[in-house]
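Structure, as structure tokens:
The structure displayed is predicted, hence computed values, not measured ones. In what follows, chains carry the letters A, B, and so on, assigned in the order in which the sequence lines appear, proteins first and then strands, with residues in each chain numbered from 1.
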There are 2 protein chains.
Amino acid sequence: MTAPERSAEDLRAAILSGDLAEADRLLPERVLAQRLSVSRSRLRGILDDLAREGLIFRRHGQGTFLKPPPAQAMGRLGVLARRVSPRHLMEVRLELEPAVAAHAAERGGAEDKALLLRLMEDTLRAPDLAGYERADDIFHYKIAEMACNPVFLTLFEEIRSLRQATDWTHARQSALGPDEIAENSIQHGTIANAICASAPAAARQAMRRHLEQVAASLMLRQG
Amino acid sequence: MTAPERSAEDLRAAILSGDLAEADRLLPERVLAQRLSVSRSRLRGILDDLAREGLIFRRHGQGTFLKPPPAQAMGRLGVLARRVSPRHLMEVRLELEPAVAAHAAERGGAEDKALLLRLMEDTLRAPDLAGYERADDIFHYKIAEMACNPVFLTLFEEIRSLRQATDWTHARQSALGPDEIAENSIQHGTIANAICASAPAAARQAMRRHLEQVAASLMLRQG
DNA sequence: AACTAGACCAATTTTGAATTGGTTTCCAGC
DNA sequence: GCTGGAAACCAATTCAAAATTGGTCTAGTT
């Protein structure tokens with residue numbers, strides 16, 4: 001495998017395989033270029049394509065990621081993670097994300113809507129639990145992007161990072177059942193359709209119901 | 001005035017006068033103690049009282065303030081302030097604060113409710129515009145505290161700091177008219193009453209209407 | 001008992017170096 | 001002349017260590 005790979009398809013596959021990443025974060029561009037025996041210019045061209053297709057996520061001083069990147073400067077939230085309960089987080093999500101979905105329905109562009117539908121289908125095609133959770137994560141993140149409001153997006157990212165941080169301490173007790181995944185996927189479809197139909201009220205309600213079910217699952221699982 | 005003041009009342013007055021503060025932030029306790037010729041212990045005792053009464057605000061590594069303190073570690077939001085429009089901010093407030101008011105109505109304690117009513121009356125008694133804006137600020141902050149959810153409170157503080165940061169760049173065009181202040185005060189009363197009556201839906205609606213008027217005033221003032 | 005003085009702890013900010021994506025420049029080779 | 005690679009440089013972020021500041025404890029003094 002020391003022989004350099006050349007074709008663009010090979011490069012895309014190598015990047016998306018995850019072998020050149022550490023915890024969903026790709027190696028720095030300079031290292032990656034050397035590792036793949038390509039110039040940085042060409043590598044960046046391919047990364048641009050992947051980012052346009054929504055397959056990778058880049059942020060300036062932070063890196064390139066296979067999932068939406070973590071919130072920046074977790075100064076306050078880092079210490080918050082200790083004293084925040086899943087209940088607190090769910091309360092906020094239950095208010096924030098339906099509002100974000102409504103705004104996404106109002107302002108989302110045609111391109112983004114097409115991409116959102118594709119991402120929704122990705123959650124259906126997910127082969128295993130890890131793949132489903134990744135697709136689900138990207139789906140929700142895309143909705144937050146479509147709201148076209150940097151404040152909403154920043155708040156969403158902070159909540160998302162905080163959730164992952166607390167999930168870490170609370171020992172990762174997700175373990176969704178297949179029936180729950182099926183139900184979630186149906187709701188994802190309802191949400192995506194409402195947004196693509198530019199129906200803010202419907203999108204808001206669909207997202208609220210979705211999160212209410214997620215909350216119910218969590219409560220069941222931990223009293 | 002080099003003679004030391006001794007009585008507790010004199011000390012309280014000196015602290016609240018603002019002469020020993022810089023931009024709503026009091027001098028460090030050590031300096032303040034020396035300036036007032038008291039021991040730090042006694043000063044802290046008085047500061048404790050003032051904080052309990054809601055007249056000053058303290059935060060560990062940050063300082064002691066005459067108004068609610070700024071959000072901590074404005075990492076992302078600091079750079080956001082440049083590209084965020086008042087419209088973006090208002091959209092978020094319009095979703096967040098009604099939700100916060102609803103939760104405050106659900107969970108607020110009896111003591112906090114009494115204090116909230118007193119703070120509402122303070123907005124009525126405000127002598128000038130600056131005094132009114134300060135009282136208004138404290139009133140809204142108290143509601144966010146009463147929601148008893150550290151995540152909601154943190155988000156609220158970030159939005160509040162972001163608003164002040166953008167107001168700074170956008171050249172402070174507040175200039176509320178007396179009739180607007182009167183209308184706002186009536187709405188504050190409605191909000192406070194709903195919260196004190198433990199009526200979440202009413203509190204949510206009252207806060208939404210209040211913010212809708214604030215938004216309308218802003219739009220009028222800047223197109 | 002109340003107050004003072006001082007040392008020490010804990011949370012936050014601040015500062016500067018290091019990291020990383022983004023951009024420009026220059027140059028070889030066709 | 002144009003394309004693509006290489007290097008330098010720019011800009012945004014992270015990281016780590018020092019400085020700042022409120023919080024706590026102990027001992028001593030009146």
Side-chain angles (χ1 to χ4, degrees), chain A residues 4 6 8 11 15 20-52 56-66 69-83 150 154 157-158 161, chain B residues 4-8 11 15 20-52 56-66 69-83 150 154 157-158 161:
Chain A
R6 291 291 179 188
L11 291 175
I15 292 169
L20 298 170
E22 182 169 353
D24 298 315
R25 173 180 164 167
L26 287 171
L27 274 49
E29 289 182 356
R30 293 159 176 87
V31 179
L32 207 54
Q34 188 173 6
R35 197 73 67 90
L36 292 171
S37 304
V38 226
S39 81
R40 202 183 152 204
S41 310
R42 188 144 114 88
L43 172 64
R44 275 184 61 77
I46 295 184
L47 290 178
D48 284 343
D49 293 339
L50 290 175
R52 253 191 303 274
I56 63 172
F57 304 82
R58 292 197 282 187
R59 190 129 24 157
H60 201 137
Q62 212 171 13
T64 306
F65 301 82
L66 297 174
Q72 314 165 28
M74 292 266 296
R76 177 60 168 174
L77 298 183
V79 66
L80 256 191
R82 300 173 197 167
R83 52 181 158 171
T154 300
E157 287 182 9
E158 289 184 350
S161 290
Chain B
E5 318 186 40
R6 291 292 179 187
S7 90
L11 291 175
I15 292 170
L20 298 170
E22 183 168 353
D24 297 317
R25 172 180 165 167
L26 287 172
L27 274 50
E29 290 183 357
R30 292 161 176 86
V31 180
L32 207 54
Q34 188 173 7
R35 197 73 68 90
L36 292 172
S37 304
V38 232
S39 80
R40 203 184 150 206
S41 309
R42 189 146 115 92
L43 173 64
R44 277 185 59 77
I46 296 184
L47 290 177
D48 284 343
D49 292 340
L50 290 174
R52 252 190 304 274
I56 63 172
F57 304 82
R58 293 196 282 186
R59 192 126 38 168
H60 202 137
Q62 213 171 10
T64 305
F65 301 83
L66 297 173
Q72 314 163 33
M74 292 266 295
R76 176 61 167 177
L77 297 182
V79 66
L80 256 191
R82 300 172 196 169
R83 53 180 157 171
T154 299
E157 287 181 9
E158 289 184 351
S161 290

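The shortest side-chain heavy-atom distance between B/Leu20 and B/Val31 does not fall under the 4.5 Å cut-off. Proximity of B/Leu11 to B/Arg42: side-chain heavy atoms (C-beta onward) are separated by under 4.5 Å at one or more points.
In this structure, the CD atom of B/Glu22 is 15 Å from the P atom of D/dT20, given to the nearest Å. Computed from coordinates, the A/Gln34 CD to D/dA6 P distance equals 11 Å when rounded to whole Å. In this structure, A/Arg83 places its CZ atom 16 Å from P of C/dA10, rounding to the nearest Å. Rounded to an integer number of Å, the gap from B/Ile46 CD1 to C/dA2 P is 15 Å. Here C/dA11 presents its P atom at 13 Å from CG of A/Leu80, a figure rounded to the nearest Å. Between the C1' atom of D/dA6 and the CZ atom of A/Arg42 lies a distance of 16 Å, rounded to the nearest Å. Between A/Arg82 atom CZ and C/dA10 atom C1' there is a gap of 10 Å when expressed in whole angstrom units.
In this structure, B/Arg52 CZ and B/Leu47 CG are separated by 11.0 Å, a value rounded to the nearest 0.5 Å.
At distances below 3.5 Å, not a single donor-acceptor pair connects side-chain atoms of B/Gln72 with backbone N or O atoms of B/Gln62.
B/Arg58 is linked by a side-chain hydrogen bond (donor to acceptor under 3.5 Å, both in side chains) to B/Glu29, B/Asp48, counting only residues two or more places apart in sequence or in another chain.
When every heavy atom of B/Ala8 is checked against every heavy atom of B/Ile46, the shortest pair comes out as CA-CD1, 4.2 Å. Shown here for B/Ala51 and B/Ile56, the closest heavy-atom pair between the two residues is N-CG1, 3.6 Å. Closest non-hydrogen pair, B/Ser161 versus B/Ala71, comes out as OG-N, 2.7 Å. Heavy-atom minimum distance, A/Ala21 versus A/Leu66: CB-CD1, 4.1 Å.
Nearest-nucleotide positions on DNA chain C place B/Leu43 closer to the 5' end than the other of B/Leu43 and B/Pro70.
Over its length, the helix from C/dA1-D/dT30 to C/dC30-D/dG1 turns its helix axis by 10°, as judged from the five terminal pairs at each end, rounded to 10°.
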Original post:
Just by protein heavy atoms under 4.0 Å, how would nucleotides 21-30 of chain D read 5' to 3' in B, S and -?
Top reply: BBBB------
